[in-house]
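Report on the structure given below.
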Amino acid sequence: MWPSGRLHLPAADDAAAVCAVKAVWATQGDRGRLGGSDPAETLADIAWEAAASAKRGGDWIEFSFDEAGDPKWSDAATAFYVAIGPFVREGTVHINGGDGSRWSYTYADGRIAQQGWNGWDASVEPFGEPQDPPVEPREPDGVARPLVKVLIGLAIIIGAALFLTKVR
């Protein structure tokens, strides 16, 4: 996973955002993720669970690839990005999945919206129902490409010949 982006989440709201994330994780039943209750813990401290590295600069948090860990997407990662939503004023986090999938979370005034198809749970909204992956058109390859060009050329020649016979 390769997350990147910046979120405007005031430093004064950091502790509340950590509590919100941990509350959601508690509902997922994984107590190991909760660790101890450290009031000094920040979002940057727990971002590794969101398959990211996070650095705070004033009221902004910048997300990037977690070079120290082994970033893997999970429901805990989705929960992290959803739970911080009410505290984020604005910003976007882009996710590039190891399988080529790409999606992002855009925040505005405490709301979150997902753009793109999440390669982890196949949803187009956080914790949404699985959807078929998007199908991107590909160009013909190998022998097909020259054959398509020849067929298009023939169609143009035949069309021009028919047009000329009708005009005369």
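Nothing here was measured: the structure is a model prediction, and the numbers come from that model. Below, all heavy atoms of this structure are taken into account, side chains as well, without hydrogens, waters or symmetry copies.
The salt bridge (charged side-chain N to carboxylate O under 4.0 Å, His left out) pairs that include a residue from residues 93-108 number zero, where partners must be two or more places apart or lie in different chains. Listed by first then second residue, pairs satisfying salt bridge (charged side-chain N to carboxylate O under 4.0 Å, His left out) with a partner in residues 108-124 number zero, not counting sequence neighbours.
Residues forming a side-chain hydrogen bond (donor to acceptor under 3.5 Å, both in side chains) with Gln131 (at least two apart in sequence, or on another chain): none. Every side chain to side chain contact (heavy atoms under 4.5 Å, CB included) that Ala79 has, sequence neighbours left out, goes to Val24, Trp25, Gln28, Phe127. With sequence neighbours left out, Tyr105 forms a side-chain hydrogen bond (donor to acceptor under 3.5 Å, both in side chains) with Trp103. Taking Lys72 as the reference, Asp70 meet the salt bridge (Lys or Arg N to Asp or Glu O under 4.0 Å) condition, with sequence neighbours excluded. Applying the side chain to side chain contact (heavy atoms under 4.5 Å, CB included) rule to Ala54 yields the partners Ala44, Ala47, Ile61, Phe63; only residues at least two apart in sequence or on another chain are considered. Among residues two or more places apart in sequence or in another chain, the side chain to side chain contact (heavy atoms under 4.5 Å, CB included) test is passed with Ala122 by Trp117, Pro130.
A 4.5 Å side-chain heavy-atom check between Glu90 and Trp60 finds at least one atom pair inside the cut-off. Two residues are said to be in side-chain contact when any heavy atoms from C-beta on lie closer than 4.5 Å; Trp73 and Asn118 meet this criterion.
Distance check, rounded to the nearest 0.5 Å: CD of Gln115 to OG of Ser104 gives 4.0 Å. Of the inter-residue distances, the one linking Glu125 atom CD with Ile112 atom CD1 reads 11.0 Å to the nearest 0.5 angstrom.
Looking at every heavy atom in both residues, Ala83 comes nearest to Pro86 through O-CD, 3.3 Å. When all heavy atoms of Ala51 and Pro3 are compared, the closest pair comes out as O-CG, 3.1 Å.
If you check the side chains of Asp45 and Thr42, you find a donor sitting under 3.5 Å from an acceptor.
A donor-acceptor pair under 3.5 Å is absent between the side-chain atoms of Ser123 and the main chain of Pro126, judged by distance alone.
Using a 4.5 Å cut-off between side-chain heavy atoms of Ile, Leu, Val, Met, Phe, Trp and Tyr, Phe65 falls into a hydrophobic cluster with Trp2.
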Extract all donor-acceptor atom pairs below 3.5 Å that involve side chains of residues 6-19 and protein atoms in other chains or at least two apart in sequence.
from	atom 1	to	atom 2	distance (Å)
Asp13	OD2	Arg89	NH2	3.0
Asp14	OD1	Leu43	N	2.9
Asp14	OD2	Arg56	NE	3.3
Asp14	OD2	Arg56	NH2	2.8

